[in-house]
Colleague: 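Mind looking over this structure? Questions follow.
Position 1 is the first residue of the sequence; numbering continues from there.
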Amino acid sequence: MKQNQVRALSLSPPIIPPRSRLFCLEPIGVGTPDVESLTGYIARLAEAHSVSAGVLFGYELVPFVDNSYWREKLSSATTSSLLGYGFLGHTRAVNGTGKIANEWVPVLEKATMRPDLSWLTLSRWREILSTLSLLRQERAWCSACYQERRLDQQVIYEPLIWCVEAVKSCLKHRQHLQTQCRFCHRQSAPLSSRSRPGFCSRCRNWLGLQSKTKCTATTLTNDEFEKQTWVIRNVGDLLSTEPDAKESLTSDTITHSLNLCIETLFGGSPTLLSRRARVPKQTISNWRVGVIPSLDALLRVCFASRVSLISFIYGRIPQVIAAEKPQAASKAHIDLKTRAARTLDLQEIKEVIDKAFTEQLPPTLVELAQRVGLPLPTLRYRFRSQCRAISKRYRVRKQQFHLEVTKTARRALEAALIDESHPSPADVARNLGMDLNKLIRILPDLCRKLSNWHIEGRKQRWQVVGVELETILKEWPPIPMREITKRTGYCETSLNRHHRALCRELAARYLNYRTTIKSSIVNPDPDLTN
Ligand SMILES: [Zn+2]
Ligand SMILES: [Zn+2]
């Protein structure tokens, strides 16, 4: 009995399982077509910790990435700004199949102790999918999906399928995905320092569809709907499938499936497949010698063959053919296009070309071929001299256009350099309706000068704010920080960042004042009450 009591009162410390450094946030939709993207997961993780994505990225993730690029960046740049312009263009790769996804998945898995984060990227398919045209550069979303999830009080998140370049629409709401914020009319990267699921990372507005708001997304036509249904179902299958551990996937698997498909479905003719799938013949030849295909071209080949993407990847073509009776739909689709092209006679095509020649910025030959409904080689063969002339005119006009744009941009930057409001290069780019990266690329020196001018202006503004804070410090009675933010027009975080000592002094002074007032109410001065 005594012994049992001793055991019950054992003072040995309990075994505590290991703890994760960050919250062990559960990713949404693992194993389903609606699985979350890794960039969206990082944004959600940051929100769960009440910090910005930039702060989480710079302070909690970058130090654990085993990469000389980030080690160098950590020593030279401000930690919270690491998710800035240098990396913004690469954030899509975090969800992809390449080196960046391979580096970031283990870092996040270690920090959250979640073993399933590789599902949030396409890295499982790295052996058979090229990074080319795989993921879109900019963030895309369906405003109706956001709004619906908000009204149903579900977690707002960014599905991985919205990042895939071949996916252009939301089938549930039958509308195109949007890439431009309807408030600031700007695009944003899949992950940036101010990313928050459902909100614009530029102007921070809600991207869901407000009631009584006109939806800016265009709806799908029946033809687009049919094609997108096929693409989205197949990409969804890819996102929800775990590669078969028994069958190792390599570029040889694709070569084998492609050869099988050509032999069984296209009478051994790669040219026929190329024409029906609208994929260059050279691309098909490249795949046959082991080049890894792009997802977009692979989907076209599968669509033309009426074989599902997963069946194609695993070379299960003969069984599928027996079950699905392929070709009929794709043949109808191709025939429709071919017939439409042939209805134009040569005279009509010549008229279209002549008209294009007179345009302010003539079309490229690819655009022209699409306009007249002829394959580019045929157009070149039939209208050799006109094609050469239009090509030359396009080059000249493009050069002129570039010079005009440069001239306008130069004028705008020079005007900004003497503007007392000290605008930034981003402000100038926005006024010109131009992409900031393009502005920096064409006029780097002027942009650098303007950037310094902007920084100088900011310094001056904060000096003025400092003087105002010192004036407030001398005023009586002291005022709370919320009044100070109203008077200065800056939020508390910014004031603290630039004038920490003064802010502390102001806050302490107000606190003292409040304490004195309270104690005088509780213990009123006897002289005064009498
Ligand atoms: Zn939707
Ligand atoms: Zn916006």
Side-chain angles (χ1 to χ4, degrees), residues 39 52-54 57-58 62 65 67-94 98-100 131-133 135-139 179-181 184-195 200-203 360-361 364 394-462 497-498:
T39 46
S52 71
F57 185 87
V62 170
V65 182
N67 182 317
S68 56
Y69 169 81
W70 287 117
R71 275 196 293 275
E72 197 185 309
K73 279 267 171 190
L74 261 180
S75 57
S76 62
T78 318
T79 318
S80 57
S81 68
L82 286 173
L83 186 51
Y85 279 102
F87 189 61
L88 267 190
H90 302 289
T91 52
R92 66 171 166 168
V94 173
K99 191 172 166 249
I100 294 182
T131 51
L132 204 71
S133 313
L135 298 168
R136 50 166 64 83
Q137 185 84 37
E138 69 285 348
R139 180 181 170 201
T179 55
Q180 204 175 58
C181 166
C184 63
H185 305 287
R186 286 185 285 173
Q187 294 186 328
S188 45
L191 183 67
S192 61
S193 56
R194 297 196 293 186
S195 279
C200 173
S201 53
R202 303 291 199 115
C203 67
Q360 187 77 344
L361 184 63
T364 60
Y394 174 77
R395 273 201 305 277
V396 172
R397 281 298 296 139
K398 201 177 169 196
Q399 219 166 6
Q400 283 173 354
F401 186 69
H402 177 73
L403 287 175
E404 280 163 26
V405 168
T406 312
K407 206 170 151 188
T408 318
R410 184 185 296 279
R411 239 184 263 145
L413 285 169
E414 281 169 356
L417 273 169
I418 48 169
D419 188 340
E420 286 304 317
S421 67
H422 296 262
S424 67
D427 295 328
V428 176
R430 198 161 38 249
N431 289 341
L432 288 170
M434 190 190 268
D435 181 48
L436 175 63
N437 288 333
K438 189 181 171 187
L439 185 67
I440 295 172
R441 201 167 54 243
I442 58 174
L443 293 163
D445 292 340
L446 268 176
C447 283
R448 202 170 301 124
K449 259 190 198 172
L450 186 63
S451 191
N452 291 337
W453 172 244
H454 174 67
I455 292 167
E456 195 185 307
R458 203 164 53 191
K459 269 187 200 159
Q460 284 174 13
R461 271 203 307 279
W462 281 109
R497 192 185 305 146
H498 293 273

Colleague: Are Val62 and Phe87 side-chain neighbours, meaning at least one heavy-atom pair lies under 4.5 Å?
Modeller: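 Val62 does not reach Phe87 side chain to side chain.
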
Colleague: Is there side-chain contact between Ser451 and Ser424, with heavy atoms separated by less than 4.5 Å?
Modeller: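 When only atoms from C-beta onward are counted, Ser424 and Ser451 do not touch, as no gap falls below 4.5 Å.
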
Colleague: Would you confirm whether Arg202, through its side chain, and Gln187, through its main-chain N or O, come within 3.5 Å as a donor-acceptor pair?
Modeller: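 At least one qualifying donor-acceptor pair exists.
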
Colleague: Using a 6.0 Å cut-off, check whether atom CZ of Arg397 has over 12 heavy atoms from anything other than its own residue.
Modeller: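 Yes, because the 6.0 Å sphere around CZ of Arg397 holds more than 12 heavy atoms from other groups.
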
Colleague: How far apart are the closest heavy atoms of Pro190 and Thr91, and which atoms are they?
Modeller: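 Smallest heavy-atom distance, with atoms named: CD-OG1, 3.5 Å.
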
Colleague: Are side-chain heavy atoms of Glu138 and Gln180 found at a separation under 4.5 Å?
Modeller: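 When only atoms from C-beta onward are counted, Gln180 and Glu138 do not touch, as no gap falls below 4.5 Å.
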
Colleague: Can you check whether Ala189's main-chain N or O pairs, donor with acceptor, with Gln137's side chain at less than 3.5 Å?
Modeller: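 No: the side chain of Gln137 does not pair with the backbone of Ala189.
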
Colleague: Are the side chain of Trp453 and the backbone of Arg448 linked by a donor-acceptor contact shorter than 3.5 Å?
Modeller: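 Pair absent, no side-chain N/O of Trp453 close to backbone of Arg448.
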
Colleague: Under a 3.5 Å distance rule, please check whether Arg92 uses its side chain to pair with a backbone N or O of Leu135 as donor and acceptor.
Modeller: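 Side chain of Arg92 to backbone of Leu135: a pair is present.
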
Colleague: Does any N or O in the side chain of Asn452 come within less than 3.5 Å of the main-chain N or O of Lys449, such that one atom is a donor and the other an acceptor?
Modeller: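 Side chain of Asn452 to backbone of Lys449, a donor-acceptor pair under 3.5 Å: no, none is there.
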
Colleague: Of the non-hydrogen atoms in Ala409 and Leu439, which two are nearest, and what is the gap between them?
Modeller: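 Taking Ala409 first and Leu439 second, the nearest heavy atoms are CB-CD1, 3.7 Å.
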
Colleague: Between the side chains of Ser192 and Ser201, is a donor N or O closer than 3.5 angstrom to an acceptor N or O?
Modeller: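 There is such a pair between these side chains.
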
Colleague: Taking C-beta and beyond as the side chain, do Arg139 and Thr179 meet within less than 4.5 Å on heavy atoms?
Modeller: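 No, their side chains stay 4.5 Å or more apart.
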
Colleague: Donor-acceptor pair, Thr408 side chain versus Glu404 backbone, under 3.5 Å?
Modeller: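 Judged by distance alone, yes, a pair lies under 3.5 Å.
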
Colleague: Test your reading of the model: is there a side-chain donor-acceptor pair from Trp462 to the backbone of Gly457, 3.5 Å cut-off?
Modeller: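 No, because the side chain of Trp462 does not come within donor-acceptor range (under 3.5 Å) of the backbone of Gly457.
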
